[in-house]
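Report on one structure; see the data block that follows.
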Amino acid sequence: MKIATWNVNSLRVRLSQVLDWLSSAQPDILALQETKMTDDDFPGADIEAAGYRVVYAGQKTYNGVAILSRTEAQDTLTDLPDMQDPQRRVLAASYGEVRVLNLYVPNGSEVGSDKYSYKLDWLDRLAHYTRQQLDVHRHVVLLGDLNIAPEDRDVHDPAEWQGMVLCSEPERAAFRGLLALGLCDTFRHLEQGDGFFSWWDYRAAAFRRNRGLRIDHILASRELCERCTSCHVDKGPRRLERPSDHAPVVAEFDI
DNA sequence: ATGGTGGCGCGGCCA
């Protein structure tokens, strides 16, 4: 089973790239973030024509999540428990015994800001929901743009990013808290070393210089982690004309 | 270089 995540930064702009990528990569499940469109505008027919089912939770201009899949989604959920939030950042769905939690974690803007407080509160609520989901489902895959670089080796220049949003200690503690619930980072389960990133700023030729962060993740519950055979970043789409600032991350599981 | 680029949507916010 091949599962991928990709922050597309507008599905309207990136639809042809997504369809091309589905055709070449052939994932079973592709979780998208930052679709930036309302449900009325969602290009469901194009995606179904490509052989995928799709569920989505969108809004105008900002945020928006979707899951494309070979099989039909069951038991979808679009809000963290006890959280009234118009921002569409959550889409959970079941595919057989696999529970997928597709997340667009708040960026946080800058440490100390209101948006940063919102991010930490959001992550706390996510941890509670994840713990509950791990109790209920045999297999859980938590993936998406988590907007956290977990360790210094996930950062092109740790000194430059020291204490900054995406890298601050409270955010990293929240990431470790998710792992402590019984999840593993599939990328680190299999890969070693540094220089592997999933996001590069559009500015200052950051991609060409590989000045990026690893902030898009695929976390898996213990049994799935043991069955994970690969996890990698596909930099191909980031090299295209008019790319998203994120690249897809892809994990394969022997299930 | 307190900027830089990109998306949305048409001024300014967000990343």
Side-chain angles (χ1 to χ4, degrees), chain A residues 5-21 30-43 46-47 56-66 85-91 102-123 126 143-150 154-168 170-172 174-175 197-217 233-249:
Chain A
T5 178
W6 190 6
N7 178 324
V8 291
N9 186 21
S10 169
L11 183 56
R12 188 175 289 105
V13 173
R14 236 65 69 187
L15 179 60
S16 64
Q17 292 183 19
V18 169
L19 295 174
D20 287 348
W21 193 81
L30 171 60
L32 303 179
Q33 303 87 36
E34 284 207 273
T35 57
K36 294 188 172 180
M37 55 171 55
T38 61
D39 292 349
D40 287 346
D41 288 337
F42 196 90
D46 296 291
I47 287 163
Y56 42 87
Q59 69 180 86
K60 185 175 162 65
T61 309
Y62 301 117
N63 307 314
V65 283
D85 189 346
Q87 300 188 35
R88 302 294 80 197
R89 298 179 174 278
V90 175
L91 185 55
N102 176 23
L103 306 168
Y104 177 46
V105 174
N107 171 281
S109 188
E110 58 183 302
V111 173
S113 67
D114 289 348
K115 289 191 174 71
Y116 182 76
S117 300
Y118 167 73
K119 179 179 194 174
L120 294 182
D121 176 64
W122 198 98
L123 287 165
L126 172 64
L143 81 176
D145 178 357
L146 303 191
N147 263 322
I148 301 170
D154 301 310
V155 181
H156 67 88
D157 185 340
E160 181 182 325
W161 281 86
Q162 169 78 34
M164 305 287 282
V165 75
L166 311 184
C167 300
S168 74
E171 294 166 84
R172 288 178 167 179
F175 184 92
F197 309 125
S198 65
W199 169 82
W200 302 260
D201 198 299
Y202 283 122
R203 295 166 286 190
F207 181 68
R208 183 177 57 73
R209 301 156 72 195
N210 199 31
R211 290 172 57 85
L213 302 179
R214 196 175 70 89
I215 58 176
D216 301 87
H217 304 285
V233 179
D234 182 357
K235 291 173 77 170
R238 189 64 178 78
R239 298 189 184 98
L240 299 173
E241 294 244 355
R242 218 178 171 192
S244 168
D245 45 351
H246 297 251
V249 180

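Convention: sequence-line order gives letters A, B, ...; per-chain numbering from 1. Computation of the quantities below employed the complete heavy-atom set of this structure, encompassing side-chain atoms and omitting hydrogens, waters and symmetry-equivalent molecules.
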Residues at least two apart in sequence or cross-chain that pass side chain to side chain contact (heavy atoms under 4.5 Å, CB included) with A:S10, listed by chain then number, are A:R12, A:V13, A:K36

Using the test side chain to side chain donor-acceptor pair (under 3.5 Å), find all partners of A:Y56 that sit at least two apart in sequence or belong to another chain. none

How many whole angstroms separate atom OH of A:Y118 from atom C1' of B:dA15? 14 Å

Atom pairs under 3.5 Å: protein N/O with N/O of nucleotides 1-5 of chain B:
unit_1, atom_1, unit_2, atom_2, d
B:dG4, O6, A:R203, NH1, 3.2

Using the test salt bridge (charged side-chain N to carboxylate O under 4.0 Å, His left out), find all partners of A:D46 that sit at least two apart in sequence or belong to another chain. none

Pairwise P distance, B:dG7 and B:dG3 [rounded to whole Å]: 22 Å

Take the protein atom CG of A:N63 and the nucleotide atom C1' of B:dC14, then report the distance between them rounded to whole Å. 9 Å

How does each nucleotide of nucleotides 8-13 of chain B score, in 5' to 3' order, for protein heavy atoms under 4.0 Å: base (B), sugar-phosphate only (S), or none (-)? SS---B

Residues passing the side chain to side chain donor-acceptor pair (under 3.5 Å) test with A:Q17, sequence neighbours excluded, are none

Report the distance from atom CD of A:Q59 to atom C1' of B:dA15, rounded to the nearest whole Å. 14 Å

Nearest-Å distance for atom pair NE2/C1', residues A:H246 and B:dG7: 12 Å

The criterion is side chain to side chain donor-acceptor pair (under 3.5 Å); which residues satisfy it with A:R214, sequence neighbours excluded? A:D154, A:D185, A:H217

To the nearest Å, give me how far apart CD (A:E34) and C1' (B:dG7) are. 9 Å

Under 3.5 Å, is there a donor-acceptor pair linking the side chains of A:S168 and A:E171? yes

For A:D201, the salt bridge (charged side-chain N to carboxylate O under 4.0 Å, His left out) test, sequence neighbours excluded, returns A:R203

P-based separation of B:dG9 from B:dT5 [nearest Å]: 22 Å

Quick one: salt bridge (charged side-chain N to carboxylate O under 4.0 Å, His left out) partners of A:E160, sequence neighbours excluded? A:R211

Would you kindly give the CH2-to-P distance between A:W199 and B:dG6, to the nearest whole Å? 14 Å

Verify whether one side chain among A:D234 and A:W21 offers a donor that lies under 3.5 Å from an acceptor in the other. yes

Would you please name every residue forming a side chain to side chain contact (heavy atoms under 4.5 Å, CB included) with A:R208, sequence neighbours left out? A:A205

Near DNA chain B, under 4.0 Å by heavy atom, which residues of residues 103-114 of chain A? A:Y104, A:N107

Could you tell me which residues satisfy side chain to side chain donor-acceptor pair (under 3.5 Å) with A:W161, sequence neighbours excluded, listed by chain and number? A:H156

For nucleotides B:dA1 and B:dG11, find the distance between their P atoms and express it as a whole number of Å. 34 Å

For atom CH2 of A:W200 and atom C1' of B:dA15, their distance in whole Å: 16 Å

Nearest-angstrom distance from the residue atom CG of A:L213 to C1' of B:dA15: 12 Å

